[in-house]
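Let me begin by presenting the structure, written as structure tokens, before commenting on it.
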Amino acid sequence: NLPNRMDSSQWPQMKERFARIFLTKPRDEWAEIFKGKDACAFPILSLQEAIANKHNVARGTFVKKEGSIDTHEPAAAPKLSRTPAHG
């Protein structure tokens, strides 16, 4: 049983408990466990994984750095695609 999540005095204890639990499985196993669940959980990606992530690719989150063959950088955000200056 977990303590009341609204009791902030219990947060350090809950943080420690969750940390111990999450250390019991590899990151990708946790990702599979949470896949399709109504939970706010996503693995921490390396930069290369984030650049190749299908969601980030679809949104254009990273762009190739000008003059570079393989160096990426974050794209400008927010994307103001419905503004007159967008072009």
Side-chain angles (χ1 to χ4, degrees):
N1 291 339
L2 291 172
N4 180 350
R5 66 185 170 129
M6 301 306 285
D7 180 356
S8 61
S9 71
Q10 298 296 317
W11 293 354
Q13 175 190 350
M14 290 185 356
K15 179 181 176 182
E16 184 179 313
R17 184 165 177 195
F18 281 116
R20 284 194 316 267
I21 292 168
F22 281 111
L23 286 171
T24 65
K25 300 180 188 323
R27 179 197 75 176
D28 292 343
E29 190 173 341
W30 283 114
E32 279 302 310
I33 290 169
F34 281 105
K35 189 175 184 178
K37 303 284 191 301
D38 185 16
C40 190
F42 194 81
I44 304 298
L45 303 177
S46 71
L47 180 57
Q48 292 307 316
E49 290 171 318
I51 290 168
N53 177 273
K54 67 180 181 179
H55 175 81
N56 291 339
V57 169
R59 292 190 50 84
T61 303
F62 295 93
V63 294
K64 279 192 179 174
K65 189 172 181 178
E66 190 174 322
S68 172
I69 295 172
D70 61 358
T71 302
H72 289 76
E73 60 188 5
K79 298 190 183 314
L80 305 173
S81 60
R82 294 187 304 245
T83 62
H86 185 270

>> The criterion is side-chain contact (heavy atoms from CB on, under 4.5 Å); which residues satisfy it with Asn4, sequence neighbours excluded?
In response: Met6, Asp7

> Looking at residues at least two apart in the chain, or sitting in another chain, which of them share a salt bridge (Lys or Arg N to Asp or Glu O under 4.0 Å) with Glu16?
Replying inline: Arg20

Which side-chain N or O atoms in residues 55-64 pair as donor and acceptor under 3.5 Å with protein atoms at least two apart or in another chain?
residue, atom, partner, partner atom, Å
Asn56, ND2, Ala50, O, 2.9
Thr61, OG1, Asn56, O, 3.4
Lys64, NZ, Ile69, O, 3.3

> Does Arg5 have any salt bridge (Lys or Arg N to Asp or Glu O under 4.0 Å) partners at least two apart in sequence or in another chain, and if so, which?
Replying inline: none

> With Glu73, which residues qualify under salt bridge (Lys or Arg N to Asp or Glu O under 4.0 Å), at least two apart?
Replying inline: none

> side chain to side chain donor-acceptor pair (under 3.5 Å) with Glu29: which residues, sequence neighbours excluded?
Replying inline: none

> In the hydrophobic cluster built from side-chain contacts under 4.5 Å, what are the other members alongside Phe22?
Replying inline: Leu2, Trp11, Met14, Phe18, Ile21, Trp30, Ile33, Phe34

>> Quick test of your reading: applying salt bridge (charged side-chain N to carboxylate O under 4.0 Å, His left out), list the pairs with at least one residue in residues 37-54, sequence neighbours left out, ordered by first then second residue.
In response: Arg27-Glu49

> Who passes side-chain contact (heavy atoms from CB on, under 4.5 Å) against Ile44, sequence neighbours left out?
Replying inline: none

